[in-house]
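In listed order, ligands and their atoms are each counted from 1.
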Amino acid sequence: VGEPSVAPEPGVAGLTKARTRYVLLPQDPARAAELARACGLSPVLGQVLLNRGLHAEQAVQRFLAPKLADLTSPASMIDRAAAAERLARAIRQRERIVVFGDYDVDGTTSTAILADILEALGGDVRAMVASRFEGGYGLSDRALERVMALEPRVLVTCDCGSSDHARVARARAAGVDVLVVDHHLVPTEPLPALAFLNPHRPDCGFPFKGLCSAGLALSVGAAVRAELGATLDLRGFLDLVALGTIADVAPLAQDNRALVRAGLAQLSSDRARPGVVALREAARIRPGTPLSAVDVAFRLAPRLNAAGRLADPQLTLDLLRSRSLEEARGVAAQIERINEERKSVERGVTEAALAQLEADAAPRHGLLAASTAFHRGVVGISAARLVDRFSRPVLVVAVEGEHGHGSGRAPDGFPLYAAIASCRDLLEKFGGHDAAAGLTVHVSHIAALREAFDEACKKLSNEGAAPIVRDVNVDARIGEGAYGLPRATELFQLEPQGEGNPEPLFEIRGERVRADVVAGAHLKLGLRVGGRDVSAFGFELAERYATLGTRLRLVGQLRPDTYRGGDAIEARIVHLEDV
Ligand SMILES: [Mn+2]
């Protein structure tokens with residue numbers, strides 16, 4: 001094991017800088033080679049799998065080729081049968097069904113899945129989604145008004161509803177049977193819905209708790225199909241399940257791994273639904289390019305979220321449910337314009353928040369930026385960018401009139417929810433979890449919240465005033481007497497990667513044969529690694545160009561180079577140094 005490399009990160013005025021330490025995991029070349037040989041892989045992949053606790057050939061094969069046939073039986077999912085029975089009856093009797101979902105990707109995809117399936121099975125279906133600007137998250141009063149105007153007999157809420165007791169009760173009192181399909185936190189007070197599907201219900205026996213609403217919606221659709229004795233191929237909806245699951249940062253393990261692997265193939269397919277084809281075109285993804293979970297998270301999901309952030313998320317639903325490519329391209333073009341605007345709004349908010357935080361000379365453990373110039377649709381993304389920059393918890397608050405709408409993000413492992421909850425006396429509303437949280441605060445309390453949040457973060461961070469050192473594991477060393485490079489096709493077998501299945505990180509030693517600055521900001525390298533040519537891309541690393549040596553050591557991910565194609569692979573540089 002070599003010396004761990006430590007990379008400094010930008011700090012805030014008055015704060016010690018956070019540091020990242022790259023730690024090479026123990027290497028076992030003999031066992032790795034043996035496992036790799038048995039599974040037909042490159043030795044370096046054997047090492048990656050050993051690091052993940054996969055030691056036996058059979059376990060490796062199950063991991064590399066997950067099968068839909070191995071999905072958990074849904075029989076133990078509480079209220080699934082009741083929901084299917086009610087929806088089947090509505091279809092048989094031609095009762096109006098409204099499918100209502102939240103405005104994010106999991107909400108819009110789960111709504112599209114259920115609406116399309118129920119319609120294909122003969123239902124009289126209307127679909128709509130929540131709006132950040134008209135009532136906000138979930139089944140709000142405003143949303144219920146819009147739902148009731150459609151005069152449904154049955155209402156299905158997707159990706160929301162678990163904590164909307166009052167509206168659910170009101171709908172039922174008005175004669176509407178409410179079915180809730182959700183995976184958010186379950187309050188202790190019983191929900192007055194006719195059926196309440198949520199794997200987090202304490203009385204739900206379904207063992208896999210990581211399903212998001214898109215996965216649940218597909219399962220409900222399958223149950224309705226079975227109840228009606230109908231034939232309908234549901235595999236065509238796995239693309240939407242993959243979009244919802246990846247965008248919602250659900251764990252890409254167990255059932256989700258099989259669903260998303262199949263869904264990624266569908267998303268890449270030339271027989272993809274019109275909305276997906278138009279979305280791929282907008283993201284300039286060439287036909288036939290195999291999509292990874294990272295592609296979905298960074299290229300497709302932001303576009304699907306854009307309409308809900310700045311305008312009407314019904315556009316996203318229209319795109320996903322488009323029946324023709326012509327229609328889909330028209331909607332995608334509108335979304336593309338909104339997404340461009342979203343980027344510029346987000347840049348503006350992030351820069352202004354950054355300036356505000358840097359102007360504050362007080363040493364802080366938790367940061368808060370607030371302004372009437374911030375847009376509430378992008379405060380979450382801005383907070384995430386500021387966490388990347390400062391490696392400490394951040395709240396960004398958009399002030400509108402009397403109220404501030406805030407969003408919080410924090411470094412991995414930090415108890416963000418507890419930090420915000422401890423400021424509850426200053427808040428009008430708050431919710432979420434450690435990965436992301438939202439809050440509403442009266443303007444008169446923002447200054448106090450800044451101090452209280454900082455104090456809470458100080459109490460909750462074990463490091464106290466010491467510099468924060470973040471350990472990041474490196475899976476294997478490649479080049480110069482260490483492992484050789486893997487093949488591009490093998491890298492696809494690890495997909496989907498992200499939450500619950502992190503992309504492996506490699507230390508790569510090689511000879512630089514060329515270097516270029518790309519678009520003034522980024523660094524592109526040509527490396528010779530163990531007799532093979534590899535390109536490497538360093539995001540915003542152009543300033544390293546002038547002083548770069550010949551023999552380099554980099555830490556980064558390896559990805560198939562879909563631009564060069566074939567077996568070419570590209571390294572994404574996370575950290576770079578001369579040796
Ligand atoms: Mn969700």
Side-chain angles (χ1 to χ4, degrees), residues 77 79-80 83 99-115 127-132 135-140 143 156-164 168 179-187 191 193 196-201 204 206 208-221 237-257 259-260 263 293 296-297 300-309 313-314 316-317 320 377 380-381 384 407-409 416-417 431-438 496 498-500:
M77 201 184 283
D79 277 3
R80 182 175 180 268
V99 183
F100 173 87
D102 192 33
Y103 46 65
D104 68 358
V105 180
D106 193 28
T108 49
T109 52
S110 51
T111 302
I113 290 167
L114 256 188
M128 60 164 62
V129 281
S131 163
R132 243 175 247 268
Y137 167 81
L139 187 64
S140 61
V156 191
T157 67
C158 291
D159 201 36
C160 62
S162 293
S163 49
D164 292 319
V168 170
L179 317 174
V180 172
V181 178
D182 193 12
H183 69 138
H184 287 94
L185 212 68
V186 178
L191 190 69
F196 177 25
L197 277 89
N198 186 326
H200 300 296
R201 272 181 70 167
C204 182
F206 189 69
F208 179 56
K209 303 298 177 190
L211 271 191
C212 67
S213 300
L216 286 168
L218 186 66
S219 183
V220 173
F237 293 97
L238 289 168
D239 55 347
L240 300 183
V241 174
L243 289 173
T245 306
I246 295 166
D248 229 46
V249 206
L252 299 172
Q254 302 179 58
D255 285 17
N256 282 346
R257 181 166 172 80
L259 291 166
V260 172
V296 171
L300 303 186
R303 291 178 159 84
L304 294 172
N305 269 322
R309 292 191 187 286
Q314 191 77 25
T316 303
L317 191 59
L320 297 175
I381 323 179
S407 190
R409 297 289 188 278
L416 175 69
Y417 188 83
H433 40 100
D434 288 341
E499 183 70 18

What is the minimum heavy-atom distance between Cys204 and Asn198, and which atoms define it? CB-O, 3.7 Å
Is the distance from the Mn ion (ligand 1) to some N, O or S atom of [X] under 2.8 Å?
X	value
Asp182	no
Asp248	yes
His184	no

Checking side-chain contact (heavy atoms from CB on, under 4.5 Å) against Leu238, which of Leu218, Leu243, Thr245 comes through?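 For Leu238, the side-chain contact (heavy atoms from CB on, under 4.5 Å) test succeeds with only one of Leu218, Leu243, Thr245, which is Leu218.
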Under the 3.5 angstrom rule, does the side chain of [X] hit a backbone N or O of [Y] as a donor-acceptor pair?
X	Y	answer
Asn305	Asp104	no
Asp182	Ser162	yes
Asp159	Asp106	no

For the Mn ion (ligand 1), which N, O or S atom of Asp159 is at the shortest distance?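 The atom in question is OD1.
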Have a look at Asp106 and say which of its N, O or S atoms is nearest the Mn ion (ligand 1).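 Output for this pair reads OD2.
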